[in-house]
Amino acid sequence: MTGWVIGLALVAFLATGCAVQTGEFLKTRDSNYGQVGDLQLLHVHLATPPREGWQPGARVPLHLTLVNRGADRVTVTGVSSTGAAAVSLVGADGAQDRVAIALDPGETRSMQEQDASRFEVDGLAARLTAGTTLPVAFRLDTGEEIVLAVPAQVSSDPVVRSR
């Protein structure tokens, strides 16, 4: 009987979440995975924070890999977070005014801290320590959206950063 009640509670929880997001997700200890439409978001996480955590106002690298599993081009048109002032797309020329990342069918794009094109979360609203999460929304040109709970990566040896 208890298992049945827990199952109903889980269904109710998932049903309320579907009103907010149209994608699927899978959370692990220090990254998150999601899918919205034909776009897979893999290994989504924030860079390992310094020992004291990422402080309010900090600029934090957002790491992820995008994969288009469909037969048509997919374009990411927006990334945002309610826990930060902005999420910026940064290229070789600095921050770009608008997000437009087009992926052809079967294309994979790495967006890590060292890559030419990457995301940064700007102006954290609150302190963020290893393993804690920040809500990040990804929007497609189709209007589909997914909100992932993106964790700050856990490391046994946090790096010292000057950001």
Side-chain angles (χ1 to χ4, degrees), residues 6 9-10 13-14 16-36 39-69 74-101 103 107-140 144-163:
I6 291 171
L10 179 61
F13 172 77
L14 292 174
T16 59
C18 290
V20 178
Q21 63 193 36
T22 58
E24 299 175 18
F25 64 94
L26 169 71
K27 172 85 172 65
T28 64
R29 186 179 99 143
D30 58 359
S31 68
N32 206 336
Y33 298 77
Q35 181 161 344
V36 57
L39 180 71
Q40 286 185 324
L41 300 106
L42 307 176
H43 311 290
V44 185
H45 64 278
L46 298 166
T48 303
R51 292 187 193 286
E52 66 278 3
W54 293 113
Q55 298 303 310
R59 178 179 293 150
V60 182
L62 173 62
H63 299 255
L64 69 147
T65 300
L66 301 170
V67 181
N68 180 355
R69 297 283 186 203
V74 173
T75 304
V76 177
T77 58
V79 181
S80 61
S81 176
T82 57
V87 179
S88 302
L89 176 61
V90 179
D93 298 333
Q96 300 176 7
D97 290 335
R98 91 181 235 269
V99 173
I101 301 169
L103 290 103
E107 185 177 355
T108 298
R109 172 111 25 111
S110 174
M111 301 189 77
Q112 310 302 317
E113 190 171 357
Q114 71 279 4
D115 290 330
S117 183
R118 62 196 183 278
F119 286 110
E120 289 184 348
V121 175
D122 300 321
L124 282 180
R127 182 172 172 248
L128 194 64
T129 58
T132 58
T133 62
L134 183 72
V136 179
F138 297 87
R139 283 176 300 290
L140 302 182
E144 295 171 289
E145 179 176 286
I146 185 170
V147 177
L148 296 177
V150 177
Q153 190 170 36
V154 176
S155 174
S156 59
D157 188 24
V159 294
V160 176
R161 297 188 182 262
S162 61
R163 292 183 191 250

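These numbers come from the heavy atoms of this one structure, side chains and all, not from hydrogens, waters or symmetry mates.
- Under a 3.5 Å cut-off, the side chain of Gln40 and the backbone N or O of Leu66 do not form any donor-acceptor pair.
- Nearest approach of Leu148 to Gly34, heavy atoms of both residues: CD2-CA, 4.1 Å.
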(Q) For Leu39 and Phe138: C-alpha separation, side-chain torsions, deciding distance, then whether side chain to side chain contact (heavy atoms under 4.5 Å, CB included) applies. (A) CA-CA 10 Å; Leu39 180 71; Phe138 297 87; 5.9 Å; no
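- To the nearest 0.5 angstrom, Leu64 atom CG is 9.5 Å from Asp115 atom CG.
- Contact of the Phe119 side chain with the Ile101 side chain is registered, since non-hydrogen atoms from C-beta on lie closer than 4.5 Å.
- Nearest heavy-atom pair, Thr48 versus Trp54, reported as atom, atom and distance to 0.1 Å: O-CZ2, 3.5 Å.
- In this structure, His63 NE2 and Leu46 CG are separated by 8.0 Å, a value rounded to the nearest 0.5 Å.
- Annotation: the span from Thr129 atom OG1 to Glu52 atom CD amounts to 11.0 Å, rounded to 0.5 Å.
- A distance of 6.5 Å separates CG of Leu134 from CG of Leu124, quoted to the nearest 0.5 Å.
- From Thr65, atom OG1 reaches atom CG of Leu41 across 9.5 Å, with rounding to the nearest 0.5 Å.
- Judged purely by atom type and a 3.5 angstrom limit, Arg109 has no side-chain atom pairing as donor or acceptor with the backbone of Asn68.
- Here Leu42 contributes atom CG and Thr108 contributes atom OG1; the two are 8.0 Å apart, rounded to the nearest 0.5 Å.
- Counting all heavy atoms, side chain and backbone alike, Pro49 lies closest to Ala130 at CG-N, 3.5 Å.
- Residue Pro56 comes nearest to Ala125 through the heavy atom pair CB-O, 4.0 Å, listed as atom of the first residue, atom of the second, then distance.
- Side-chain contact between Val121 and Val87 is present, with heavy atoms from C-beta onward closer than 4.5 Å.
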(Q) One pair to check against side chain to side chain contact (heavy atoms under 4.5 Å, CB included): Leu89 and Met111. What are the steps and the verdict? (A) CA-CA 10 Å; Leu89 176 61; Met111 301 189 77; 3.6 Å; yes
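- Exactly one of Gln153, Arg118, Glu113 qualifies for a side-chain contact (heavy atoms from CB on, under 4.5 Å) with Pro61. That residue is Glu113.
- When each of Val136, Val36, Leu140 is checked for a side-chain contact (heavy atoms from CB on, under 4.5 Å) with Ile146, only Val36 meets the rule.
- Smallest separation of non-hydrogen atoms from Pro151 and Gly131: CB-O, 4.3 Å.
- Panel note: side chain Ser81, backbone Gly83; a donor-acceptor pair is recorded below 3.5 Å.
- Aromatic ring pairs are classed by plane angle as parallel below 30°, tilted from 30° to 60° and perpendicular above 60°; the pair His43 and Tyr33 is perpendicular.
- Considering only residues two or more places apart in sequence or on other chains, Ala137 meets the side-chain contact (heavy atoms from CB on, under 4.5 Å) condition with Ser80, Arg139, Glu145, Val147.
- Nearest heavy-atom pair, Val60 versus Ala47, reported as atom, atom and distance to 0.1 Å: CG1-N, 4.2 Å.
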